[in-house]
Structures are given as structure tokens and as C-alpha cells.
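Take a look at the structure set out below.
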Amino acid sequence: MQGLMQDWPLLIHRIIDHAATQHGSREVVSRSLEGPIHRTDYATVRQRALRGAKRLAREGIKPGDRVATMAWNSWRHLEAWYAIAGVGAIYHTINPRLFAEQIVWIVNHAEDRLLMLDACFVPLVEKLAPALASIERYIILTDAAHMPQTSLRNAVAYEDWLAEADDDFVWAAVDERAAAGLCYTSGTTGNPKGVLYTHRSNVLHAMQVCMTGSIGPSANDSVLCVVPMFHANAWALPFALPMCGAKMVMPGSRLDGASVYDLIEAEGVTHSAGVPTVWLMLLDYMTTNAKKPSTLRQVAVGGAACPRAMIVRFERDFGVDVFHAWGMTESSPVGTTGTIKPAVGKLEGESLYDQKAKQGSAPFGVEMIITSDDGVRLPWDGATVGRLKVRGPCIAAGYYRQETQILDAEGFFDTGDIAAIEADGTMRITDRAKDVIKSGGEWISSIEIENLAMSHPDVAEAAVIGVPHEKWTERPLLAVVPARGSARDPAGLLRFFEGRIAKWWIPGDVQYLEEIPHTAAGKINKVRLREIFRDYRLPDDGV
Ligand code: AMP
């Protein structure tokens, strides 16, 4: 027997409708690319998104069409997402930090019809435009006064374009399983893979993110959306914040420590979310300039392992709680969160930091398992490590326009990460499968060594890779960016590891670098690091 409840499709436009009626005057504050701080609210964002949707329809955009955005976080980018999804089309976020060939490849693969871009990306896109055959029109996210001279086809200033429509529009009534968003994973090898989110998966995922114990924003919070909208849906914040009525603060292109700190102070920011590299800049700025945030209570850190030393610094030096999260483009992206369960709540000091350095537990809607390479399930004992696999309504079932089967027989997606899970469900990532160091037949966790290295006062950033070794097959090499003004003492640094990790995990050597290479998504670029040290031999190799 069927139940007798309403069928209310989970469509993205319902989020902004809700925000406009329940939290209409709640602010959306952006650092505009033109310079000044811009203020709007959810009611206005909705109104302008309706105009945008109507204007897109007049442009000939139909349900299922792809409309690309290449933009920093701002109110215009937010309106564009709701307008595109609201006309039934698909917002396709492009990471401007990708290599030019990758951008060309994904625009052509997606067959985007329009590209909405910030004015600062016009020079870059002008160079690529001859190869972007599907783009019919370029909409520059600015007003007439700031519109640059450009050769881009049918280029128009967003504000002029928007002014050509009113907000008398009815959102497209698409199926909740219809595609709404597209984001290509920035893989370091092979062609990028398109993850195609649905209205339903985005709404459910935003609800997961809103749950208490997850990032859990509320109407009383002011949230700085540091994570860019071109990184895996900005961790659902553009949906979760309007859903709960939190004030939304958008940093534009300025993610340096001083700019982020100033925005936090000016807008009474209580929560934020971003990758570790951004937080390193903020911590560095606050330490060097003896600043302390007055309203910031919590930062969510994810996208790459949050170094334990970062948790200690935020909490001990600045009184800011760190919330570690793990996820990937394919999981919408939030997969696990550092939810504090009762047993964890009892922990204090160092043991609490140890716990928070783990990637956390799965919210409702994410099932996790670990398996051996041949698919046998492994125990949740906190020690056994295996391939991390996930299943749920917000996890990719396939890639856009690719035939490859990506789920196993039980519907689990192999994340490519190696992890251990404890009996209570807490997960700890030890490595990316392709970064695992195999020494003497055993696995060494590069993340654990990096964590420890980062807790040394002479280390600003650390990365560990495996390098070939005649006797042990592979041994860890530690690459370090020294902390400002610190001495370079490789032997002292290696001594620091003694008694803290197994002897055979201690790196074979330390090499100093000016900077650690990062990928377009802000992760340590281990492929590049391995290239840098391709001809390197450890001092004890062949001895
Ligand atoms: P992306 O799809 O580009 O967001 O990359 C996802 C990958 O980033 C994951 O598969 C992990 O390897 C890594 N990652 C994300 N969050 C974390 C985290 N908290 N700890 C360790 N690795 C992470």
C-alpha cells in the first residue's frame, strides 16, 4: 500500500524560495572584484535569480543545457547557480586554476552553451576562446562601468543582460532526479571526469550539511564561504546557508591571511570552511601580526588532511574549534565529519586533538566500508587499513558521458583513498591509494608522517613521498618548507620522529623547498613532487 503523503520534489529552487520567505532579509555579503564590499539579501538573490532564469530562457537555454561559470565566490555567482538550475539547466563550475588544456577539454566535453565569468578571467578565456566551439555567448559577471574591452563572442555585462528581463518567471518543474550541477574532478592523471549532481542529491546533501553534528550552520551564524564554488559545490554552502538562514559572507578572489581576517572581523563571522592551505595563511597572518579573531568559533577543514598541528594552533592559540571533514567531488562532497560523539566528548587535551585529526564519521546518507584490493570487507578495528568505499544518495553512480562502471556489485564507489575505521565508525585516512609508500612489503602512511612533521616548530609545511630504495623497495622522503626564520636542521628534525612513530617509518632524508607544489584544488601535488625528486637517491640507498 502506498502512503498518503505529498510528493514534493526536492528541487534546488525550493531552497532559495524558502530562504526568501523565512530569512528574506538575511544578508549575503561579498568582497566584490571591483573592490568594495557588496551587500544583498536572500529575498533579492531570489528575485535576481528569477530574472536570470527568465533571461536564460530568452537566450534559448533549455532544461538539460550546460551553462558554465568561471568565477570567485560572490552574490552574482550565487544568483547564477539558482538561475541556471531554476530554468532546468545545469550549472557547470570551472576551476580557473586548471591547466588551459584541461579547461578547453572540459568545456568541449560538457558542450557548455554559455560561459559566465568574472572580468579578471577575460584575458585567460580570450586565449582559449578559439578552441571553445560550443560557447555561444560570454556573460561577464560585472556591470557596464567595469566591463572590459573584449573580443569574446557576444560578450555582455551581466548587469546589462539581467536588466533585459523581469522576475515574472515560474521555476522549471523538472524531475528531482534531473541533472542540476556538473563539476569535473581535477585528477592529476588522465582526462577529467564529470560528476553530474541532481536536484535531489544537492538538496539532500545540503540537509546533511545542515544537520547538528555536521557543519550544522544556523540562522544565528555568519558563515564565511572560503571554499570556492568551483570546488565540489563549495561543500554545499550555497545551498545549506540559505536553507538554514545563515548570513553568507563571500570572499571574492582575496584569500590571503589579511583579507580573510579582515572580513571575519568586519562581518562577525562565526564559522568558516576551507582547505588547509588557506588556513595556514590565516594562522600565519594572525601569529605574525598578533591578531585574534573576536567572533570566529569554528572552522571546518577538509579537501586535504587537516594537519594535527593546525588543530592545536587554532584551538590553543586562538580559541577556534576545528571541525575536520573528508570528502570528494564524487560525494557532493561531504562524506565524513568530525562529529563529537559522547565517548569523544570525554576526551581532553592531546587525546582530543588526536581524535579531531581523524577524518570523522559518516552522517546519515553515507555508508562506508573498507575492503582489501580484491574486494573482501575488512574489520573496523582502527588498525586494519583498506580501500575506502562509499554508498548513498549523494554519491556518484557514474561519470558524465563515460561508459565505465564505477560501482561494485553492491553499489559501493571506490574512493581511491586508503583508510582505517574504528569500531564506533570513526574513519582515518592514511593515504591516497596511489600515494601509499610500500616499504619492505608494509605500508607507511605519508599523512601520519606529514602530521608529525608539521607539529615541529621549524616546519611550515611538509609533504612525504615514497622514493625508490634498493633494499626496501621504497622509503619515505620528507620535503619541508621551513618556518619563517627557523634553522635548517635535517638531523634534528629526523631525531624528533624517534619514539613518536615506528622506527622504519622515519623518513630516509629531509629536503628543503621554497614551496610545496599544490594542485588546482589546493592539495599537495605528489605527482609534481615525485617529478622534482625523480633523480634523487636517499643517502643510505645501495649502501
Ligand atoms: P576532490 O575530489 O578533488 O575534492 O578530492 C578528493 C580527495 O581529497 C579525497 O579522495 C582525499 O584523497 C582528499 N581529501 C579530502 N578531504 C580529506 C581529508 N580531510 N583528509 C585527507 N584527505 C582528504
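When a ligand or atom number is given, it counts from 1 through the structure's own listing order.
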Item to complete: Look only at the side chain of T426 and the backbone of E422, and say whether a donor-acceptor pair between them is shorter than 3.5 Å.
Response: no
Discussion item. Could you check whether any heavy atom of G416 sits closer than 4.0 Å to an atom of ligand 1, since that is the contact criterion I want to use?
Written reply: no
Worksheet item: Which is closest to atom 1 (P) of ligand 1 in terms of heavy atoms, T329, L388, D435?
Response: T329
Worksheet entry | Full working for salt bridge (Lys or Arg N to Asp or Glu O under 4.0 Å) between E531 and R534 | CA-CA 5 Å; E531 267 165 31; R534 195 180 37 218; over 6 Å; no
Discussion item. List ligand 1 atoms under 4.0 Å from Q359, heavy atoms only on the residue side.
Written reply: 18 (C), 19 (N), 20 (N), 21 (C)
Item to complete: May I ask you to check whether H205 and Y197 place their ring centers less than 6.0 Å from one another?
Response: no
Worksheet entry | Selected option - heavy-atom contact closest to atom 23 (C) of ligand 1, from A300, A304, C183, A521 | A304
Discussion item. Whether the side chain of T415 engages the backbone of K389 through a donor-acceptor N/O pair (distance < 3.5 Å, no angle test) should be reported.
Written reply: no
Discussion item. Students should be able to answer this: which protein heavy-atom is nearest to atom 22 (N) of ligand 1, and at what distance?
Written reply: A305 N, 3.7 Å
Worksheet item: Does atom CZ of F364 have more than 12 heavy-atom neighbours, drawn from other residues, nucleotides or ligands, at distances under 6.0 Å?
Response: no
Worksheet item: Do the ring planes of Y261 and Y285 sit parallel (below 30°), tilted (30 to 60°) or perpendicular (above 60°)?
Response: tilted
Practice prompt. Could you tell me whether some N/O pair between R432 and ligand 1 is separated by less than 3.5 angstrom?
Written response: yes
Response to the item:
among protein heavy atoms, the one nearest atom 8 (O) of ligand 1 is K523 NZ, 3.1 Å
Item to complete: Would you check whether C306 has a nitrogen or oxygen atom less than 3.5 angstrom from a nitrogen or oxygen atom of ligand 1?
Response: no
Practice prompt. Among all protein heavy atoms, pick out the one at the shortest distance from atom 14 (N) of ligand 1; state its residue, atom name and that distance to 0.1 Å.
Written response: G303 O, 3.5 Å
Worksheet item: If you count the non-hydrogen atoms of other residues, nucleotides and ligands that lie under 6.0 Å from CE in M207, is the total more than 12?
Response: no
Worksheet, complete the sentence: Min over A433, G302, A325, A419 of heavy-atom distance to atom 19 (N) of ligand 1 lands on A325
Worksheet item: Mind checking whether G327 has a heavy atom under 4.0 Å from ligand 1?
Response: yes
Worksheet item: Per the ring-ring contact (aromatic ring centres under 6.0 Å, His included) rule, which among Y82, F230, W81 passes with Y91?
Response: W81
Discussion item. Heavy atoms only: which of T336, V275, N95, D417 lies closest to atom 9 (C) of ligand 1?
Written reply: D417
